[in-house]
Trainee: 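The structure's right below; bear with me while I get my questions together.
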Amino acid sequence: MQAVLLAGGFGTRLAPLTYTKAKPMLPLLNKPMISYIIEALPKGTEIIVAANYRNEQLEEYFNENGINGRIVKEEKPLGTAGAVKNVEKYIDGTFLVLNSDIISSLNIRKFIQFHMQKKSFATISLWPVENVEEYGVVDIKPDGRIMKFVEKPPRHEAPSNLINAGAYCLDAEVLDYIPPNKFVSMEMEIFPRIIEDGKPFYGFTFDGYWIDVGRHSSYIEATRILLKNLGRKYVVGKSEVRGNLKYSSVGDNCIIDEGSILDSCIIYNDCKIGKNVIMKNCIVAEKCIIGDGAKLKDVVMGEGEEIEASACIEGEKIWSKPLPEGYPEKQIGNPVKR
Ligand code: GDD
Ligand code: MG
């Protein structure tokens with residue numbers, strides 16, 4: 001069976017981290033986010049990555065780690081369904097589609113079994129949340145049949161609290177619903193049409209954990225959940241840590257100097273954090289420098305940025321360089337309606 005990993009978004013909500021990195025390559029406990037999805041696939045699954053923005057980083061990662069997979073680049077972003085249509089020639093039957101920014105305990109084997117048992121045309125994984133307006137929401141019957149799918153509805157219009165958890169098992173004929181060579185959204189266009197046509201469209205709920213790593217806060221939350229699963233308070237690569245870490249991860253070649261305290265922070269490679277620095281809920285991309293005595297809360301630093309000694313910063317994104325060429329000014333695709 002093939003699995004199409006949707007990996008072509010710009011990750012605008014994760015800027016400035018995504019100014020220099022493809023979203024699926026952002027590290028979670030020092031491993032690219034996409035690696036968790038790959039590890040969850042049943043053995044023998046053929047991987048097809050539908051990529052676009054900074055696809056070369058994915059190619060390099062696959063090559064260096066001997067991961068078998070086909071990375072297909074879209075000339076321009078085709079949306080969540082257009083990207084699937086674009087890899088149609090590699091699909092030879094029922095197949096999976098997976099968002100690459102989800103960390104979850106979904107058992108993909110059971111998910112596929114459910115799809116087969118129900119003789120479903122399209123099956124999606126579901127998860128309950130409170131902030132439904134940020135997701136695709138379903139109206140579902142007790143037997144799991146989905147009667148309605150609305151992408152990012154205003155809260156009062158949401159038919160339930162069950163949302164699209166970003167994993168699909170699809171009959172190959174779903175591809176016939178998607179027009180070629182154009183921007184098409186699975187959530188806005190294809191799912192509603194499948195329902196309209198009366199095709200069996202089912203939702204699969206599961207236990208455990210689920211998190212969309214699409215925002216800074218959920219990125220930090222995902223790190224916490226994964227640490228908890230490992231029964232650890234922090235992970236550190238080949239780095240020198242003289243300070244204190246809580247619910248944090250630190251990559252390779254970093255120095256975290258004496259007296260510093262990091263709580264719920266993600267530090268990429270090659271960073272230098274001075275003495276007596278206090279940080280909470282911060283994400284620091286590669287090659288950043290933070291001066292002695294700085295106090296940072298809810299701060300996100302893009303690659304190669306610097307914060308001077310004794311600075312006191314809260315709730316800021318640090319990026320001093322021009323936007324990378326071609327990077328959109330705002331979110332494209334299916335943004336939350338305000
Ligand atoms: N190849 C390709 N081309 N991939 C894309 C494109 C594109 O044009 N646009 C988005 N993607 C990828 C993203 O990289 C991500 O892995 C996935 O498709 C979903 O896109 P997001 O931009 O992260 O969407 P979202 O988080 O706002 O909403 C989606 O996920 C929610 C669950 O986290 C929707 O599927 C919602 O219905 C769902 O609830
Ligand atoms: Mg997302």
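Both counts, for ligands and for their atoms, begin at 1 and track the order of listing. All values below come from the heavy atoms of this structure, side chains included, with hydrogens, waters and symmetry mates left out.
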Trainee: Please work out which of the three classes, parallel, tilted or perpendicular, describes the rings of Tyr327 and Tyr19, given edges at 30° and 60°.
Mentor: perpendicular
Trainee: Does one side chain, of Asn253 or Asp270, offer a donor that lies under 3.5 Å from an acceptor on the other?
Mentor: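 Yes, because at least one side-chain N or O of Asn253 sits under 3.5 Å from a partner of the opposite role on Asp270.
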Trainee: Are Phe114 and Phe206, when compared by the centres of their aromatic rings, separated by less than 6.0 Å?
Mentor: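 No, the ring of Phe114 stays outside the 6.0 Å limit from the ring of Phe206, centre to centre.
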Trainee: Taking distance alone, with N or O pairs closer than 3.5 Å, would you say Gly166 contacts ligand 1?
Mentor: no
Trainee: More than 12 foreign heavy atoms under 6.0 Å from CZ of Arg242: is that the case here?
Mentor: yes
Trainee: Heavy atom under 4.0 Å from ligand 1: found in Met33's side chain, backbone, both, or neither?
Mentor: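 It is neither part, as no heavy atom is under 4.0 Å.
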Trainee: Going by heavy atoms, is Lys152 under 4.0 Å from ligand 1?
Mentor: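 Distance cut 4.0 Å: Lys152 passes for ligand 1.
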Trainee: Just going by heavy-atom distances, which of Glu134, Glu187, Met188 is nearest to atom 35 (O) of ligand 1?
Mentor: Glu187
Trainee: Looking only at distances, please establish whether an N/O atom of ligand 1 is found under 3.5 Å from an N/O atom of Pro77.
Mentor: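 Not met; the criterion fails.
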Trainee: Counting both backbone and side chain atoms, is some N or O of Phe149 under 3.5 Å from an N or O of ligand 1?
Mentor: no
Trainee: Only one of Asp263, Ile261, Val299, Ile273 clears side-chain contact (heavy atoms from CB on, under 4.5 Å) with Met279; which?
Mentor: Ile273
Trainee: How far does CD1 of Ile225 sit from CD1 of Ile103, to the nearest 0.5 angstrom?
Mentor: 9.5 Å
Trainee: Should Ile102 be counted as touching ligand 1, given the test is an N or O pair under 3.5 Å?
Mentor: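 In fact, backbone or side chain, Ile102 has no N or O that close.
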Trainee: Under 4.0 Å from a heavy atom of Ala50: give me the atoms of ligand 1 that qualify, with their elements.
Mentor: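 Answer for ligand 1: 1 (N), 2 (C).
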Trainee: Tell me how many protein N, O or S atoms are within a distance shorter than 2.8 Å of the Mg ion (ligand 2).
Mentor: 1
Trainee: Looking at ligand 1, does any of its N/O atoms fall within less than 3.5 Å of an N/O of Ile163?
Mentor: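 It does not: no N or O of Ile163 is found under 3.5 Å from an N or O of ligand 1.
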Trainee: So, Lys118 side chain and Arg145 main chain: donor-acceptor pair closer than 3.5 Å or not?
Mentor: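 Not a single qualifying donor-acceptor pair exists.
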Trainee: Could Lys31 and Glu39 be called an ion pair, given the rule that one side-chain N must be under 4.0 Å from one carboxylate O?
Mentor: yes
Trainee: Measuring from the heavy atoms of Trp210, does anything fall under 4.0 Å of ligand 1?
Mentor: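 Yes, Trp210 has a heavy atom closer than 4.0 Å to ligand 1.
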Trainee: Hey, is CG on Asn181 packed in by over 12 heavy atoms from elsewhere, all under 6.0 Å?
Mentor: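 Counting neighbours around CG of Asn181, 12 or fewer heavy atoms of other residues, nucleotides or ligands fall under 6.0 Å, so no.
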Trainee: Check whether more than 12 heavy atoms from other residues, nucleotides or ligands sit under 6.0 Å from atom CG of Asn68, and answer yes or no.
Mentor: no
Trainee: Is the closest heavy atom of Trp127 to ligand 1 under 4.0 Å?
Mentor: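 Not so, Trp127 does not reach ligand 1.
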Trainee: Under 4.0 Å, counting heavy atoms only: does Arg13 come that close to any atom of ligand 1?
Mentor: yes
Trainee: For ligand 1, is there an atom lying under 4.0 Å from some heavy atom of Asn52?
Mentor: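 So Asn52 does not count as touching ligand 1.
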Trainee: Measure the spacing between CZ of Arg215 and CG of Asn131 and express it to the nearest 0.5 Å.
Mentor: 7.0 Å
Trainee: What residues, two or more places apart in sequence or in another chain, satisfy salt bridge (charged side-chain N to carboxylate O under 4.0 Å, His left out) together with Arg155?
Mentor: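 By the salt bridge (charged side-chain N to carboxylate O under 4.0 Å, His left out) rule, Arg155 matches Glu133.
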Trainee: Is ligand 1 under 4.0 Å from a heavy atom in the side chain of Glu74, in the backbone, in both, or in neither?
Mentor: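 Answer for Glu74: side chain.
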Trainee: With respect to Thr80, determine whether any N or O atom, backbone or side chain, lies less than 3.5 Å from an N or O atom of ligand 1.
Mentor: no
Trainee: Does atom NZ of Lys148 have more than 12 heavy-atom neighbours from other groups under 6.0 Å away?
Mentor: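 Atom NZ in Lys148 is not crowded, with 12 or fewer foreign heavy atoms closer than 6.0 Å.
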Trainee: Answer yes or no: is there an ion pair linking Lys85 with Glu88, defined by an N-O contact shorter than 4.0 Å?
Mentor: yes
Trainee: Please could you name the atoms of ligand 1 that Tyr168 approaches to less than 4.0 Å, counting only its heavy atoms?
Mentor: 35 (O)
Trainee: Hey, looking at atom 8 (O) of ligand 1, which of Gly82, Gly79, Ser100 has the closest heavy atom?
Mentor: Gly79
Trainee: Just one of Tyr177, Tyr168, Tyr202 clears the ring pair (Phe, Tyr, Trp, His ring centres under 6.0 Å) bar with Phe121, so which one?
Mentor: Tyr177
Trainee: Which atoms from ligand 1 have a heavy atom of Ala83 less than 4.0 Å away?
Mentor: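 In order of numbering, the contacting atoms are 1 (N), 2 (C), 3 (N).
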Trainee: Between Asp212 and ligand 1, is there a nitrogen or oxygen pair with a distance under 3.5 Å?
Mentor: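 By distance alone, the answer is yes.
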Trainee: Just jot down the ligand 1 atoms closer than 4.0 angstrom to any heavy atom of Lys23, in number order.
Mentor: 23 (O)
Trainee: Does atom NZ of Lys228 have more than 12 heavy-atom neighbours from other groups under 6.0 Å away?
Mentor: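 12 or below, so no.
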Trainee: Do any N/O atoms on Gly136 end up under 3.5 angstrom from N/O atoms on ligand 1?
Mentor: yes
Trainee: Should you measure from each heavy atom of Leu78, which atoms of ligand 1 turn up under 4.0 Å away?
Mentor: 8 (O)
Trainee: Would you say Tyr135 has any N or O atom under 3.5 Å from an N or O of ligand 1, going by distance alone?
Mentor: no
Trainee: Quick one: sort the Phe149 and Phe191 rings into parallel, tilted or perpendicular, breaks at 30° and 60°.
Mentor: perpendicular
